[in-house]
Each structure stands twice: as structure tokens, then as C-alpha cells.
Q: 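I have a structure here, written as C-alpha cells, and I will follow up with some questions on it.
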Amino acid sequence: MTARIIDGKRIAGEIRREVAESAAELIARGTRPGLSVVLVGDDPASHVYVRMKTRACQEAGLHARDVPLPAETSREELLGEIDRLNADPEIHGILIQLPLPAHLNEAEIMERVKPEKDVDGFHPVNVGRMVSGDPTAFRPATPAGIQELLRRIDYDPQGKHVVVIGRSNIVGRPVAEILSQKQPWANATVTLAHSRTRDLAEVARLGEILIVAIGRPRFLTADMVTDGAVVIDVGVNRVDDPTTQKGYRLEGDVDFEAVREKASWITPVPGGVGPMTIAMLLNNTVKAADRYATAPETAGLAGP
Ligand code: NAP
């Protein structure tokens, strides 16, 4: 069997068009969805991500306001900036670009964002709401994007055995949570594997859906995949390659060419999960703006 490719780039394009339509409707009702990305310091990769997010916002008709701050920004200055954005009626989503410089406590900074504007879905209130099955919780973009990919290829995880490899708070754990919920496009039986899992290859072979998010190039080999599995590769790894102009290429966590011969569906890297992340972030921002337009007093913008 040669797997069909899950074209994340095309699917993310569809979502971004839908987001643009929703944004246009909101603008017609007097609310232009606004996203603010706060970037502290001058990490080159973070700058690239912020530019990509800003451009995607603009293309979808959203208002994008970058807040670049110097690396030596103090805790008080940064918290003050977040408070201003929390109170700003033009901003419906706030994203703190990670990593932050070492002198800033990431947990404290992230918790300062009002949960109603936490379109990244990392605030403990949103995490808690998501885990308790509250559909109003903002879900983190990458795991929500994985569920959306399954929906758009019409592959329902209900009743399926999903094996997730990797248990980070930004991908593995939330995607395991989302797909095991008693909700449409979920209802799966989920195994969450990690570096201490015994007989990982055997566990992986149980996966009718295999989601790999560990950050190790070509880790998942064909012998770890059962025939006909749907394979979702979240990994983005830079591998030295002097034959390319940049001197490196991007590889996923899956040995793509070999696994492709066993799977029924597979995401490529790049062009699979990656493009979904920004699309889902824009989607969350429009959702936040819609809530504000509908009921500002519950969308965290009224009052102090
Ligand atoms: P992370 O925080 O580094 O977590 C890695 C996880 O993988 C940990 O749970 C770790 O287990 C597990 N792991 C590491 N080596 C393993 C092994 N040999 N066997 C089994 N499990 C192993 O990673 P992350 O932030 O989730 O990112 C994972 C990958 O996804 C990276 O390549 C990252 O660049 C990529 N990513 C892509 C997107 C996107 O938009 N496409 C978004 C986020 C991340 P322990 O917990 O036991 O240490």
C-alpha cells in the first residue's frame, strides 16, 4: 500500500479562506479581529515565526499588531505591556512568542494574558477548561490542527486506537486529550507514549492513527507501523545538508519514504502539520473577536 498524502498546505489554505470570510462578516458588524504577538529579544527563528503570523493575519483581513521588545525588558515592563493589550478593545488575541529570555518566568508571563484573549490555549484556565471538556476553551493550535486534518480527510478517530509518541504540553499531551474526549471527531482510545515507554515499537504498532511529536529525525521506521495506519508527523528537524543552498533541510520524525509504503495516509514535512498551526491560531483569534462582538462583558474586555 502506498499512502495518500495529507496535504496540510492545501487544507490550511482552505481554513485561512474560511477565516477570512468570518473576519469579513465580523468587520461588517463593526469588529475587526485583532491579534497581537509579543516578541521579547532577537531570536532569529522567533522573528521568522512572528513575520509569518503577521503576514497570515493581514492576508485574512485581521488586524495584526506586533509588539517587539528588547531582550533586557524587565518583568514589570512586560507584565505592563500585557495588561495594556488585555484592556485594548482592538486586540482579541494575544500571543507571547516563546522562548522568553531566561530572566523572565514563562509561566508567570503566560498567566497574565486574559484567558479570553489566550488564543494560543496555553493559559492554565484554558488547559483546565479543555481537559474538562468545555467546548469554549481555546485549544492549542497544533493539536487542534491535527484533529482538523483528520476531519478534512474524513477519517473519524471514533473508536480507533490512537498512539501518540511524545508528551509535551504543547503537542503530545493536548492532542491525546483532545482525541480521547467524548465529542465529535474524537472518541478515540488513546495511548500516550514517551521516552520511558517499554517496547515502543510494539506499542506504536497498535496505532491505527500514529501521531509522532518527539523532535528526532526519521525516528519512526516502517517496522513500527501497522499496515494501513494514518501517520501524522509533527516533527520539524533541521538536518545538515551541504547540497542545499541553506546548508540544511527539514525532516520530520517519520522515515517518510519507507513508512509511506505501509500507511494509508501520511503527512509530509514540510507541508503537513506545520501550516495548520497558523491557520488554527487565526481561527481562534476570529472566535475570540466573535465572542467580543457578541458579548463584550463575557469576552474579558469590559471592566478593569
Ligand atoms: P519536546 O517538548 O522536546 O518533547 C519531546 C517529547 O518526545 C517528550 O515527551 C519526550 O519524552 C519524547 N521523546 C524524546 N525522545 C524520545 C524517544 N527516543 N522515544 C520516545 N519518546 C521520546 O517536543 P515538542 O515541543 O512536543 O516538539 C516535538 C517536535 O514537534 C519537534 O520537532 C518540534 O519542532 C515539532 N513541533 C512542530 C510544530 C508544528 O507546528 N509543526 C509545533 C510544535 C512542535 P520524555 O517526556 O520522556 O522526555
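Both counts, for ligands and for their atoms, begin at 1 and track the order of listing.
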Q: Output yes when a protein non-hydrogen atom is found under 4.0 Å of atom 10 (C) of ligand 1, and no otherwise.
A: no
Q: Do me a favour and list the nearest non-hydrogen protein atom to atom 46 (O) of ligand 1 with residue, atom name and distance?
A: R167 NE, 2.7 Å
Q: Show me which atoms of ligand 1 lie under 4.0 Å from any heavy atom of L200.
A: 19 (N), 20 (C)
Q: Identify whether NZ of Lys or CZ of Arg in R4 sits under 6.0 Å from the centre of the six-membered ring of Y155 and within 45° of that ring's axis.
A: no
Q: Give the numbers and elements of all ligand 1 atoms closer than 4.0 Å to a heavy atom of N237.
A: 32 (O)
Q: What residue among V171, D253, V234, V163 forms side chain to side chain contact (heavy atoms under 4.5 Å, CB included) with V212?
A: D253
Q: Let's go through R291 and E116 carefully: what are the C-alpha distance in whole Å and the side-chain angles of both, what is the deciding distance for salt bridge (charged side-chain N to carboxylate O under 4.0 Å, His left out) to 0.1 Å, and is it a yes or a no?
A: CA-CA 9 Å; R291 285 181 197 162; E116 295 80 2; over 6 Å; no
Q: Any nitrogen or oxygen of R196, main chain or side chain, under 3.5 Å from a nitrogen or oxygen of ligand 1?
A: no
Q: Look at R84 together with E81 and state whether they make a salt bridge at an N to O cut-off of under 4.0 Å.
A: yes
Q: What residue and heavy atom of the protein are closest to atom 25 (O) of ligand 1, and at what distance?
A: I170 CD1, 3.4 Å
Q: Please write down residue, atom name and distance for the protein heavy atom closest to atom 16 (C) of ligand 1.
A: R216 NE, 3.7 Å
Q: Is the backbone of V119 close enough, under 3.5 Å, to the side chain of N284 for a donor and an acceptor to pair up by distance?
A: yes
Q: Just jot down the ligand 1 atoms closer than 4.0 angstrom to any heavy atom of T142, in number order.
A: 40 (O), 42 (C)
Q: With respect to atom 23 (O) of ligand 1, which of G252, P143, A141, S168 exhibits the smallest heavy-atom separation?
A: S168
Q: Could you find the nearest protein heavy atom to atom 48 (O) of ligand 1 and give me its residue, atom name and distance?
A: S195 OG, 3.6 Å
Q: Quick one: nearest non-hydrogen protein atom to atom 35 (C) of ligand 1, plus distance?
A: V234 O, 3.4 Å
Q: Could you identify the single nearest non-hydrogen protein atom to atom 12 (C) of ligand 1 and state the distance to 0.1 Å?
A: I214 CG2, 3.7 Å
Q: Contact between ligand 1 and G172 is defined here as a heavy atom of the residue under 4.0 Å from a ligand atom; is it met?
A: no
Q: Identify, by atom number and element, the atoms of ligand 1 in contact range of G274, meaning under 4.0 Å from any of its heavy atoms.
A: 40 (O), 41 (N)
Q: Under a 4.0 angstrom heavy-atom cut-off, which atoms of ligand 1 come close to H194?
A: 11 (O), 20 (C), 21 (N), 47 (O)
Q: Against heavy atoms of G215, which atoms of ligand 1 measure under 4.0 Å?
A: 28 (C), 29 (C), 31 (C), 32 (O)
Q: Can you check atom 27 (O) of ligand 1: any protein non-hydrogen atom closer than 4.0 Å?
A: no
Q: Quick check: does any side chain N or O of D88 sit under 3.5 Å from a backbone N or O of E90, one acting as donor and the other as acceptor?
A: yes
Q: Quick one: does H161's side chain have a donor or acceptor within less than 3.5 Å of a partner on E208's backbone?
A: no
Q: For T277, counting its heavy atoms only, list the atoms of ligand 1 lying under 4.0 Å from any of them.
A: 39 (C), 40 (O)
Q: Looking at side-chain heavy atoms only, is the closest gap between I5 and F256 below 4.5 Å?
A: yes
Q: Applying the side chain to side chain contact (heavy atoms under 4.5 Å, CB included) criterion to D290, which one of R29, E25, H92 satisfies it?
A: R29
Q: Does the pair D255/K262 count as a salt bridge with the N-to-O cut at 4.0 Å?
A: no
Q: Got an N/O contact under 3.5 Å between V236 and ligand 1?
A: yes
Q: Tell me the protein heavy atom at minimum distance from atom 19 (N) of ligand 1, and give that distance in Å.
A: F219 CZ, 3.6 Å
Q: Under 4.0 angstrom from atom 3 (O) of ligand 1, is there any protein heavy atom?
A: no
Q: Check for a donor-acceptor pair, side chain of D156 on one end and backbone N or O of Q158 on the other, with a separation under 3.5 Å.
A: yes
Q: Using only atom types and a distance under 3.5 Å, with no angle test, would you say the side chain of H103 pairs donor to acceptor with the backbone of T73?
A: yes
Q: How far is atom 44 (C) of ligand 1 from the closest protein heavy atom, and which atom is that?
A: V171 CG2, 3.9 Å
Q: Between the side chains of D134 and T136, does any donor sit under 3.5 Å from an acceptor?
A: yes
Q: So, are E177 and R173 salt-bridged, with charged N and O less than 4.0 Å apart?
A: no
Q: If we set the cut-off at 4.0 Å for heavy atoms, which region of M276 has an atom near ligand 1: side chain, backbone, both, or neither?
A: neither
